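The block underneath contains the structure these notes are about, expressed in structure tokens.
Computed from heavy atoms alone, side chains included, the values below leave out hydrogens, waters and symmetry copies. Chain letters run A, B, ... following the sequence lines, proteins first and then strands; every chain starts at 1. Everything quoted here is computed from the prediction, not taken from an experiment.
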Amino acid sequence: MSAPLRDVPDKPTLEGLEDRWAPVWEAKGIYRFDRSKNRAEIYSIDTPPPTASGSLHVGHVFSYTHTDCIARYKRMRGFEVFYPMGWDDNGLPTERRVQNYYGVRCDSSLPYDPDFVPPTEPSKDQVSISRRNFVELCLALTTEDEKTFEAMWRQLGLSVDWSQMYQTIDDHSRATSQRAFLANLARGEAYQSEAPTLWDVTYRTAVAQAELEDRERPGAYHRIGFPRVDDPSDRLYIETTRPELLAACVALVAHPDDERYKAMFGSSVRTPIFDVEVPILAHTLADPDKGSGIAMICTFGDTTDVTWWRELSLPTRPIMGWDGRIIAKTPDWIESSAGREQYAAIAGTTAFTSKERMVEALTSAGFVDREPRTITHSVKFFEKGDKPLEIVTTRQWYLRNGGRDAELRDRLVARGAEIKWHPAYMQSRYTAWVEGLVGDWLVSRQRFFGVPIPVWYGLDASGQPNYDEPIAATTDALPVDPSSATPPGFTEAQRGVAGGFIGDPDIMDTWATSSLTPQIVGGWQHDEDLWGRVFPFDLRAQAHDIIRTWLFSTVVRSHLEEDALPWTHAAISGWILDPDRKKMGKSRGNAMTPIGLLEEHGADAVRYWAASGRPGTDTAFDVGQMKVGRRLAIKILNASNFVLGLGAREGTAAVTEPLDLAMLDALATAVDAATEAFEDYNYSRALEVAEAFFWSFCDDHVELVKDRAYGTLGDEGAASAKAALATALSVQLRLFAPFLPYVTEEVWSWWQDGSVHRSQWPTAAAVRTLGAGGDVAIATAANAVLTAIRKAKSDAKLSMKETATRVEVRGTPEALDRVRQSEPDLRTAGRVGEFSYLPHDSERLEVTVSL
RNA sequence: GGGCGAUUAGCUCAGUGGUAGAGCGCUCCGCUCACACCGGAGAGGUCACUGGUUCGAACCCAGUAUCGCCCACCA
């Protein structure tokens, strides 16, 4: 039975395939998830929701293509694939984008203005607006961005089920995030603590360990003398990079074994100018080789200060405010008039200015005995910030993640070992991060656009909040914003009134919500039927830079909530690097935007480039690979056009010719190799296998059997050739379908019913049955002889259609017999007049061509 | 300082024990009736280095060097 060939263009082209097929897939629901399937039939994928602000870059295209190849493979293997897509729209990037886009800033103290219209052009002076107005702008802008993103993903051909789309800021995500937080709170996994916190002074928010990065900055060691209390004429010199914090000094510290200072432990010095008495203490963290070997402890200059402060039980003397400026009010521990005068000189200034003023004052007062020594040192920054972090004491919410609990940490490390990592060595990044945690997960942020922390605090008779007994929201009220909603048992009139309540003003870290993507998309405590069908998920796909954040935090939430892994497999993608091997810059012009690339090269070509990048490996951006991919797609069109134009169809005749059988034998081996690679999540290997076979198929097999297929050697030989060609084409289209969805669908539509993307992944067994008795060595031998004939013509600078009068083949009797089996094909393909065979001892086939 | 990865042709990279591979680029040839957005042929590599295991090492082991990433350090 031969289906009619329909709609094959004379000159097939790649142009317009995206516009033709993407709407068809959507209309026919090719990628729609069928939830009637049971867990064993379902393959569920937890995808990273890309940050909706700003723009997608080629790195996104790279890793999302990898996931899509896996999804398409699994779908063809018969799994019902659950493949949703979300947008991570809450958090700082959106706030920053809204501020710049509209020229506004959020001021929580302002009332909501229902008639507010954002300026069309951002003005230099930012307009202050209420939190609700601000959030509305955030939502409006992200909605626009997300439409653009979705269009791009569709053009790239991601086989996601768009009816499963979610936003991390939508009602459902906020409710899920708050529900999970309340569960953590009820179990004691979420708690508050007032403690020194890494603080970004620009955004005025606390930041978590996972969000830190080090940056090299110029600095200077200032050598400052502290008069000893026992003998004020004797000064102890310390070296510091932060002289502006001298007023916050609480002690000096040296190593307990340091002979220079051993005798002084227990005595004290007075801080220069401020004249505050501080003790000289011993601690092993003090490094005798650094500076003068004795350090000034301030509250707080760096994380080591925090350690010393805690372990030596030192007092807290903060002078750094939340805004990054020295606190205006002169502290009461500074008593001398000279000290209070100097403090007034730095009060309200930035760290930079106060440093200048302190150095000037110390120098003119004679406490500095040498010029500052300039250095370059690394300083902690918030990864999205642009000023060094300060450390200020604040009340924050934490979630237990093993950072302060060895038993939990060990369990989470063990969870990591349960995950099937692709590639396997990525597990060590996880393990190293979890083992290196120094504290619990700080989840509260002093920002506006995000998921509010769903608690209130009662106010006592004097109006002071009772932080020890937060009033939790009830789950039926979620999502809730405590700044506008009223807690159970209160009326709105009691807000901010003694005996009443206040809402927690903070929002949660963006990871506190995105760590719940399995719960958000999987229907947790919302659609338990769906949850039972998709959880634990089969696959988490993401890039390696967010193992410490997204991957780890997802494991934490699932471990705490379900006592289970969130997914079985983790497929980790690499980064895209510039051609010069540097990490890809942000703006590289239009040629580098995903849309520009898709329009110039076509989706299949861009996908080919992405799929060529090995799992986990950083890959250079390479337009050349896209051109190769485009060439491959065009070749598929042309070769298919040729094979189908012959009238070749599967199953129309028995495959009888040795060369045809041999080709099928080789194809079966390729199917095995591609399948094995895909089962190991090695999509790039699967592509390589399919591609290698295909080029050999076109260049050698098709060329060899072409004339026979035309019928020049009789009907039976033609029928065998055509049946084998059609089978090979069908199989290869399916091998390529996960990588090149458009061109394979186009060709499939010419002669098959339904979508290639819902067709069955080819099995080697079926190909072997058709090619039973095939011996790949026959094809290898024929190719070798054909190559020798071509070489002879090429060396003689002749056209390939010139006749070779005689071809002499020497080899073992077995080898000669193999060549004989394809002699008729070799004769027509190579335009050979006469063949002769000479038995020979050498294993190597030798061919002499006479022209 | 610790960890992970990489080092193979001019370039980008496959190849995990059995006679060195692909694509691009380069050279030469060919408008052969699927394809000039093409086809054919060719040149080009002591597989970073040093030792070891093995009949045999690009591959396994130990060490060295260089590069990248992560972490620690930050007075």
Looking at [options], which one has an atom nearest to any side-chain atom of [X]?
X	options	value
A:Lys11	B:A14, B:A41, B:A36	B:A36
A:Glu703	B:A75, B:C35, B:G40	B:C35
A:Asp302	B:A41, B:A14, B:A75	B:A75
A:Lys380	B:A14, B:C73, B:C35	B:C73
A:Lys635	B:A75, B:G39, B:A72	B:G39
A:Asp699	B:A41, B:G39, B:C73	B:G39
A:Lys791	B:G42, B:C13, B:A75	B:G42
A:Arg685	B:C73, B:C37, B:A14	B:A14
A:Lys797	B:C28, B:G39, B:A41	B:C28
A:Met800	B:U32, B:C13, B:A75	B:U32

- request: Taking only the side-chain nitrogens and oxygens of A:Thr304, find out if one of them lies under 4.0 Å from OP1 or OP2 of B:A75.
  value: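 It does not, given that no N or O in the side chain of A:Thr304 lies less than 4.0 Å from OP1 or OP2 of B:A75.
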query: Does A:His222 have a side-chain nitrogen or oxygen under 4.0 Å from the phosphate oxygens OP1 or OP2 of B:A75?
result: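 So the side chain of A:His222 is outside the cut-off, no N or O lying under 4.0 Å from OP1 or OP2 of B:A75.
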- prompt: Do A:Asp214 side-chain and B:C73 base share a donor-acceptor contact under 3.5 Å?
  reply: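 Yes.
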task: Please evaluate the base of B:G30 for a donor-acceptor partner in the side chain of A:Ser799 within a cut-off of under 3.5 Å?
output: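 No pair found.
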message: Judged by each residue's nearest nucleotide on RNA chain B, which is more toward the 5′ side, A:Ala210 or A:Pro12?
response: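 Its nearest nucleotide lies further toward 5', so the answer is A:Pro12.
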- request: Assign each of A:Leu212 and A:Asp700 to its nearest nucleotide of RNA chain B by heavy atoms, then name whichever residue's nucleotide is nearer the 5' end.
  value: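 Taking each residue's closest nucleotide, the earlier one in sequence belongs to A:Asp700.
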Give one of base, sugar-phosphate or nothing for [X], where a contact means two heavy atoms less than 4.0 Å apart.
X	value
A:Asp287	base
A:Lys627	nothing
A:Ile634	base
A:Cys298	nothing
A:Thr787	sugar-phosphate

Using the [atom1] atom on both, measure [N] against [M] and round to a whole Å.
N	M	atom1	result
B:G56	B:U19	C1'	11 Å
B:G40	B:A48	C1'	36 Å
B:A14	B:C29	P	35 Å
B:A6	B:C13	P	13 Å
B:G68	B:G30	C1'	45 Å

Can you pull every protein N or O that's under 3.5 Å from an N or O on nucleotides 1-9 of chain B?
none

Determine whether the side chains of [X] and [Y] contain a donor N or O and an acceptor N or O closer than 3.5 Å.
X	Y	result
A:Asp305	A:Thr303	no
A:Asp618	A:His544	yes
A:Glu239	A:His222	no
A:Thr316	A:Trp309	yes

Tell me the interatomic distance from [X], atom [atom1], to [N], atom [atom2], rounded to whole angstroms.
X	N	atom1	atom2	value
A:Phe226	B:A75	CZ	C1'	11 Å
A:Gln209	B:C70	CD	P	15 Å
A:Tyr221	B:A75	OH	C1'	7 Å
A:Arg215	B:C70	CZ	P	13 Å

statement: The contact string for nucleotides 20-25 of chain B, one letter per nucleotide 5' to 3', using protein heavy atoms under 4.0 Å with B, S and - for base, sugar-phosphate only and none, comes out as ---SS-
Between [X] and [Y], what is the ring plane arrangement, given parallel below 30°, perpendicular above 60°, and tilted in between?
X	Y	result
A:Phe693	A:Phe697	parallel
A:Tyr683	A:His66	parallel
A:Phe739	A:Phe678	parallel
A:Phe694	A:Phe736	perpendicular

- request: List the steps and the verdict of side chain to side chain contact (heavy atoms under 4.5 Å, CB included) for A:Ile789 and A:Val807.
  value: CA-CA 8 Å; A:Ile789 296 167; A:Val807 171; 4.1 Å; yes
task: Would you please indicate yes or no on a ring centroid separation below 6.0 angstrom for A:Trp609 and A:Phe621?
output: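 They qualify: ring centres under 6.0 Å apart.
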Pairs involving residues 686-701 of chain A, ordered by first then second residue, that meet salt bridge (Lys or Arg N to Asp or Glu O under 4.0 Å) (sequence neighbours left out):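 For residues 686-701 of chain A: A:Arg685-A:Glu688, A:Asp700-A:Arg790.
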- prompt: Quick one: salt bridge (Lys or Arg N to Asp or Glu O under 4.0 Å) pairs with a partner in residues 623-639 of chain A, sequence neighbours left out?
  reply: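 Counting only pairs at least two positions apart or across chains, the salt bridge (Lys or Arg N to Asp or Glu O under 4.0 Å) contacts touching residues 623-639 of chain A are A:Glu15-A:Arg630.
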query: Name the stems that RNA chain B belongs to, where each is three or more consecutive Watson-Crick or G-U pairs with both distances under 3.5 Å?
result: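 Counting only runs of 3 or more consecutive pairs, the stems involving RNA chain B are B:1-7 with B:65-71, B:10-13 with B:21-24, B:26-30 with B:38-42, B:48-52 with B:60-64.
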query: Charged N to carboxylate O under 4.0 angstrom, A:Glu213 versus A:Arg215?
result: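 A salt bridge is present here (some side-chain N lies under 4.0 Å from a carboxylate O).
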task: Sequence neighbours left out, what passes side chain to side chain contact (heavy atoms under 4.5 Å, CB included) with A:Ala815? Give chain and number order.
output: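 Listed in chain order: A:Thr812, A:Arg818, A:Leu845.
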